[in-house]
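So the structure is just underneath, and the comments pick up after that.
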Amino acid sequence: MASVSASYLDGLTTAQQAAVDFFEGPLQVLAGPGSGKTRVITRRIARLVERGVDPASILAITFTNRAAREMQERVDALLPGTRVWVTTFHRFCANVLRRRGQYIGLESNFVIFDKSDQLQVVRRVLGEIDVDAIRAAPAKIGARISRIKNSMVGPDEFARSLDSYIGEPFDQIVAQVYPRYQSTLLECNAVDFDDLLLHVVRLFRENPDLRADYDRWIRFLLVDEYQDTNAAQYELVRALSIDTPNVCVTGDPDQSIYAWRGASIENILNFERDYPNATLVRLEHNFRSTKLILKSADRLISHNRMRKAKSLLSDGEDGEPVRLLKFLDATQEADGIVNTIRESRSRSGGSWSDFAIFYRVNSMSRELERAFTRARIPFQVAAGLAFYERAEIKDLLCYLRLIENPADQVAFQRVVNKPARGLGAATQKKILDYAAEHGLTPMEAAKEGEKIPGLSKTARPKLRFFASMMSGLTLSAYGSVSDLLKAIVEKTFYARTWAANPSEQAIEKKANVEELINAAAQYDELNADDPSVSGFLETTALVNEGDALEADAGKVTLMTMHAAKGLEFPTAFVVGVEHGLIPHERSIKSDDPKQLEEERRLLFVAMTRAMRQLFLTTAQVRAERGTPRTTITSTFLRETEFDTVDPNDPFGEPTQKRVESAGPTEPDHKQRLREALAAGGNKPLLTTGASLLSGSNVEAAIPQSFAVGMRVKHPQRGMGTVTDVSGFGKRKTVKVQFREDEPEQSFIAARCPLQPMGIQ
DNA sequence: TGCCCGGTCGTTTTT
DNA sequence: CGACCGGGCA
């Protein structure tokens with residue numbers, strides 16, 4: 001045994017070995033950035049199995065799909081063929097609810113509502129209750145409800161908490177909306193993201209036997225990123241580790257950046273209080289960054305007061321100093337970054353995917369995107385409208401939802417008149433009212449169309465047609481989700497309008513629909529043993545656009561500082577290190593030291609993504625909602641260590657050694673600054689993305705470049721030939737012929753799995 | 001029913 | 001500046 005087990009401890013530090021080899025009882029692993037945390041967790045799992053623990057009794061929970069997938073892959077590599085359950089909090093909860101949701105009034109085919117569905121429900125509820133005159137933004141109410149739910153406060157409790165003081169008018173509205181929002185979801189046999197967690201917590205609270213079953217079943221629980229758990233996740237972890245308290249949490253308080261979303265850093269700080277006999281292991285050895293990068297990051301984070309002291313050690317070389325690049329405005333900043341990347345690549349080789357750029361707010365990506373497009377450097381942005389939120393995709397998913405779960409009012413309303421079939425708002429209201437009155441689902445009501453009072457003569461047959469069409473669309477009739485989807489598109493004449501006039505948009509939509517069918521086919525293949533519509537819907541509801549980011553796509557990666565957590569890049573840029581951006585204005589205004597510390601942690605997270613080279617940038621003028629403003633450098637810059645260098649010679653000698661400049665000094669500099677401000681600010685070379693993209697020779701800049709006649713490979717369809725390329729930028733579309741006897745298929749160039757195989 | 005215009009609003013968002 | 005919503009109109 002000992003000789004075999006040694007393999008899982010090979011090449012690890014003493015601390016890592018301690019965590020891997022620890023057997024039963026609560027274990028807390030404080031893992032600094034780049035300290036090999038995933039490696040430790042996966043090896044720990046392997047070691048447990050090696051000790052004879054049944055793999056089926058081990059559950060590893062992460063926050064993101066990306067983390068789960070990575071962990072799963074690495075466990076598979078260590079233990080080929082073993083079935084350890086690696087999943088996300090939300091998927092785990094969805095699984096529990098599918099089995100046991102009846103206890104709290106959910107059928108096993110419940111659907112998961114996303115933000116836009118949530119918004120629809122809030123809107124509806126606002127319409128029902130007579131909120132006089134006060135205009136409350138539905139999105140804000142939804143966000144507030146989510147926050148309240150994250151802190152595990154129910155509708156009654158929230159209303160009661162308001163009684164104790166004269167609540168703000170906004171919260172008074174929320175108190176009215178919240179209970180109706182919840183009951184509407186239940187009526188729809190639906191849950192939102194927060195419910196997934198809350199319902200399970202409630203389930204375990206109210207059914208101690210059920211909780212105990214799961215607790216016993218999950219003999220070893222491993223929780224990743226514990227510092228980001230919210231109240232519900234915290235209670236869930238506790239509930240699963242009472243009878244068998246073999247719980248291993250890993251995390252880093254210094255990387256807690258989601259408090260604003262309800263995560264409480266106290267969970268990790270209080271672990272030893274919650275589990276008094278807990279063992280603590282600190283992973284302080286950093287394998288990622290050079291000494292100088294670590295030193296700068298460490299100096300920054302040491303300014304946080306509320307903190308468990310932790311060191312960052314590195315055996316690595318000193319490396320290059322952190323460099324500050326100061327630009328006049330955002331356009332020059334973006335171009336300067338592009339040039340720096342170019343130069344760095346030509347100096348030391350490497351791929352475009354070695355570079356990443358982090359910014360505080362999404363809106364800052366635009367200027368960078370333009371610069372990269374101008375420079376024809378391939379890049380990817382981790383943001384944007386998620387695929388599954390696009391109108392045409394959402395429509396088809398709502399058809400699936402309604403087929404699977406006829407109680408889904410939101411899906412019914414979205415789909416009943418799409419494409420337009422003469423069942424407008426007035427008719428819909430009559431149907432839904434009738435349904436509510438008779439305790440029917442919207443689909444049942446639609447089938448009883450004849451009995452609905454007040455329905456117009458013209459609407460009746462149309463409703464009858466809709467109902468009968470829908471009853472023919474079932475999974476059993478078509479066998480697979482992808483075939484069912486194809487049938488929906490056909491039977492509903494969904495694509496009719498686009499087939500008529502193949503506009504740019506129509507082609508894009510068509511390609512998106514085909515992409516969705518591809519995704520369904522993939523699901524069918526993976527779940528051939530037990531395909532279900534709810535299964536497919538769950539995968540679509542719980543994925544994220546960021547999951548599609550390719551790790552090694554030969555593209556520069558652009559993302560928010562939040563999205564950067566967990567990743568690493570040889571060279572990283574942190575853009576706009578300015579007062580008001582990082583720390584963000586809202587955090588400054590809040591005057592809450594906790595929020596300021598979270599901002600500091602955010603910058604810490606961003607900085608520690610860099611392996612070999614870290615650049616910070618500022619612009620002296622930055623347009624804020626159109627109006628250019630002179631910026632002030634971030635207070636955080638004074639808390640760290642860097643060289644200020646000439647942005648035109650980023651690898652040259654520092655102009656000021658490790659001292660933050662008080663501002664522009666030379667008259668020449670001042671003059672240029674004044675000009676930049678006077679010129680209506682930093683008017684970009686090209687005003688809009690659209691005008692840029694309509695430029696004649698931009699096409700080649702598109703990351704995925706295809707040409708007519710090119711041979712391409714599709715993971716499912718195999719080899720094909722490009723027959724047409726149209727559109728620009730994100731909308732660029734390619735048509736591919738796979739087989740001569742089949743119609744060509746359209747794809748969105750930027751997100752299709754087509755691999756160019758050369759021109760023939 | 002669907003389009004267009006004008007007013008409003010504005011961090012981050014693992015799921 | 002730019003995205004989005006609601007109202008008004010064809």
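Letters A, B, ... are given to chains in the order of the sequence lines, protein chains preceding strands, and every chain is numbered from 1.
If you measure from atom CG of A/Asp224 to atom C1' of B/dT15, you get 15 Å, rounded to the nearest angstrom. The separation between A/Asn150 atom CG and B/dT14 atom P is 13 Å, rounded to whole Å. In this structure, NE2 of A/His199 is placed 15 Å from C1' of B/dT15, rounded to the nearest angstrom. Between the CZ atom of A/Arg625 and the P atom of C/dC4 there is a distance of 16 Å, given to the nearest Å. In this structure, the CZ atom of A/Arg91 is 9 Å from the P atom of B/dT15, given to the nearest Å. The NZ-C1' distance, from A/Lys115 to B/dT13, rounds to 6 Å in whole Å. The CD atom of A/Glu585 sits 14 Å away from the C1' atom of B/dT12 (whole-angstrom rounding). If you take NZ of A/Lys149 and C1' of B/dT13, they are 16 Å apart, rounded to a whole angstrom.
Residues A/His562 and A/Tyr258 place their aromatic rings such that the two centres sit under 6.0 Å apart. Checked against a 6.0 Å centroid threshold, the rings of A/Phe358 and A/Phe573 do not count as neighbours.
Using a 4.0 Å heavy-atom distance criterion, A/Arg147 is classed as making no nucleic acid contact. Nucleic acid contact class of A/Asp194 (heavy atoms, under 4.0 Å, all strands): none.
Side-chain to base pairing of A/Arg586 with B/dT11: no donor and acceptor N or O lie closer than 3.5 Å to each other.
Under the side-chain contact (heavy atoms from CB on, under 4.5 Å) criterion, A/Glu73 pairs with A/Arg69, sequence neighbours left out. Residues satisfying the side-chain contact (heavy atoms from CB on, under 4.5 Å) test with A/Ala143, not counting sequence neighbours, are none.
You'll find the side chain of A/Tyr388 stays beyond 4.5 Å of the side chain of A/Lys394, heavy atoms only.
For A/His584 and B/dT11, the ring-to-base geometry satisfies the stacking test (centroid distance below 5.5 Å, interplanar angle below 30°).
Formation of a donor-acceptor pair under 3.5 Å by the A/Arg421 side chain with backbone atoms of A/Lys462 is not found in this model. Judged purely by atom type and a 3.5 angstrom limit, A/Thr631 has no side-chain atom pairing as donor or acceptor with the backbone of A/Glu578.
Contact check, A/Arg421 against B/dT1: no side-chain N or O comes under 4.0 Å of OP1 or OP2. Contact annotation: A/Asn417 reaches the phosphate of B/dT1 (side-chain N/O to OP1 or OP2, under 4.0 Å). Dashed line: the shortest gap from a side-chain N or O of A/Thr560 to OP1 or OP2 of B/dT11 is not under 4.0 Å. The phosphate of B/dT12 (OP1 or OP2) has a side-chain N or O of A/Asn362 nearer than 4.0 angstrom.
Residue whose closest nucleotide on DNA chain B sits further toward the 5' end, between A/Thr88 and A/Glu598: A/Glu598. Nearer the 5' end of DNA chain B, as judged by each residue's closest nucleotide, is the contact made by A/Ser363, out of A/Phe63 and A/Ser363.
By the 30° and 60° cut-offs, the orientation of the rings of A/Tyr214 relative to A/Phe92 is perpendicular.
Contacts of residues 252-265 of chain A with DNA chain B (heavy atom under 4.0 Å): A/Tyr258, A/Trp260, A/Arg261.
Checked against B/dT11, C/dG2, C/dC5, the side chain of A/Arg366 finds its nearest nucleotide in C/dG2. Checking C/dG2, B/dT13, B/dG2 against every side-chain atom of A/Ala420, the shortest atom distance belongs to B/dG2.
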